[in-house]
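We name chains A, B, ... by the order of the sequence lines, and we start the count at 1 in each one.
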2 protein chains.
Amino acid sequence: MSIATSEVTNRRDPARTRERLLMAGFEEVYRAGFQGCDLNAILGKAGVTKGALYHHFNSKDALGHAILEDVVARITEQKWLEPLRTSDTPLDTLIAIIEGTFTDDEHAAGGCPLNNLAQEMSRVEEGFRARTAALFTAWIDTVADALTRAQAQGALRPNIDARAQAQFIVAAYEGYMSIAKSLKSGAVLEAGVKQMVAHLNSLRPEDSHG
Amino acid sequence: MSIATSEVTNRRDPARTRERLLMAGFEEVYRAGFQGCDLNAILGKAGVTKGALYHHFNSKDALGHAILEDVVARITEQKWLEPLRTSDTPLDTLIAIIEGTFTDDEHAAGGCPLNNLAQEMSRVEEGFRARTAALFTAWIDTVADALTRAQAQGALRPNIDARAQAQFIVAAYEGYMSIAKSLKSGAVLEAGVKQMVAHLNSLRPEDSHG
DNA sequence: ATTGACATACCAACCGGTATGTATGTTTAT
DNA sequence: ATAAACATACATACCGGTTGGTATGTCAAT
């Protein structure tokens with residue numbers, strides 16, 4: 001065995017190459033949409049050639065699928081799913097996540113990466129639709145679980161439908177993101193955060209919300 | 001003046017030609033997205049040639065802009081703006097509009113034409129962004145006006161922020177449409193309608209909503 | 001007869017995809 | 001241990017179909 005087992009950046013580093021393609025692809029897709037983005041632009045940004053791309057992915061669609069499964073899923077996992085799953089104060093964590101939304105115009109204009117791809121590609125290619133649907137479902141499920149746990153703790157009224165509320169929260173969140181993107185308005189996002197947090201607080205058992 | 005002033009379908013009928021291009025364009029854009037749709041497919045569906053298209057519009061983008069300004073704006077006007085403006089029971093009308101949403105899987109999978117274009121094109125081309133933003137703004141404004149009028153009638157609690165609630169409703173509506181599109185689920189839309197109506201009813205002054 | 005309203009034919013560039021070559025590991029037989 | 005044999009991981013060059021756009025011709029209306 002030589003010294004160079006890992007950590008070192010060999011000229012041959014398939015994992016790194018694949019990761020660079022995914023990140024560059026994500027950024028370009030986020031900018032121009034999937035159909036609107038250019039493979040050569042992705043290659044330029046990633047610093048690899050078309051041969052490398054088509055070694056790791058056998059079509060542009062396959063790259064898009066991988067971007068959803070790896071990059072977008074990872075972002076969702078880090079920002080929403082993981083914190084919610086590990087929290088023992090789920091409702092507070094949920095509110096904190098929502099309040100953690102970046103509300104500058106720059107971020108607003110970008111929109112939600114998941115929703116961007118879902119809206120553009122769902123009717124165009126089934127692979128995209130299935131993958132975005134899986135991510136939405138996992139997202140809603142995890143929020144619903146968190147709300148159910150909050151209910152078990154007595155932090156949430158027992159008569160509310162956790163699943164319906166989870167759908168409501170995710171829908172409202174994506175809706176605000178959509179409108180804010182079109183209006184290039186971080187202010188819309190701020191108002192949305194306030195509104196959603198107020199709504200969640202109104203679901204607490206003994207509350208003062210007049 | 002001859003008899004043939006209007007109504008008759010002359011072989012030369014620029015207004016009709018333009019309208020056919022807009023309708024065919026709308027349908028193709030609704031199916032495949034703007035960047036994904038094919039001009040020749042639009043021409044085939046409209047039954048006109050490329051010469052006719054480029055006589056009425058000087059680019060594909062210009063056609064897209066006209067689809068937003070004419071077709072999408074008209075749909076929004078008919079379903080939301082006009083009923084809300086003319087109603088003397090604005091809150092009930094708003095609820096009726098929401099409940100009038102088609103909740104079959106077919107419609108769900110199509111999504112909202114306005115949101116489809118907004119999400120796909122806002123970052124790609126400024127003309128699309130500006131036009132979708134104008135439509136969202138008009139939509140929210142009209143809902144806000146309706147809520148304010150409901151407030152003046154005493155049909156809505158005086159302490160609520162009409163504009164914030166209008167944004168909330170439109171955002172939630174578009175969010176549900178987005179998720180339902182990805183999930184191809186009319187059931188999601190049904191749940192959304194129920195949730196939004198319940199929310200609106202909770203804004204009434206003296207109410208029983210436990 | 002001149003302008004608007006199209007039709008037809010065609011172009012040219014972009015871009016996803018491929019064919020092919022090559023350098024770098026990895027295994028296997030001796 | 002080592003070399004052959006093979007597989008992986010790219011690089012380069014190029015193809016060809018798609019598609020937005022144009023140039024030109026023709027017909028109708030005033």
5' precedence on DNA chain C between A/G51 and A/D38 (nearest-nucleotide basis): A/D38
N-O pairing of A/R204 and A/D92 below 4.0 Å: yes
Parallel, tilted or perpendicular: rings of B/H199 and A/F168 (30°, 60°): tilted
B/D88/B/R149 ion pair, N-O < 4.0 Å: no
Proximity to the side chain of B/A52 - top-ranked nucleotide from C/dC6, D/dG20, C/dG17: C/dC6
Between P of D/dT22 and CZ of B/F57, the distance in whole Å: 16 Å
Distance-only donor-acceptor test (3.5 Å): side chain B/K60, base D/dG21: no
Value in whole Å for how far the P atom of C/dC10 lies from CG of B/L53: 20 Å
Distance below 4.0 Å between A/S59 side-chain N/O and C/dG17 OP1 or OP2: no
OP1 or OP2 of D/dA9 under 4.0 Å from side-chain N/O of A/H55: yes
A/F57-A/H65 aromatic ring centre distance below 6.0 Å: no
Contact under 4.0 Å: A/H56 side-chain N or O vs D/dT8 OP1/OP2: no
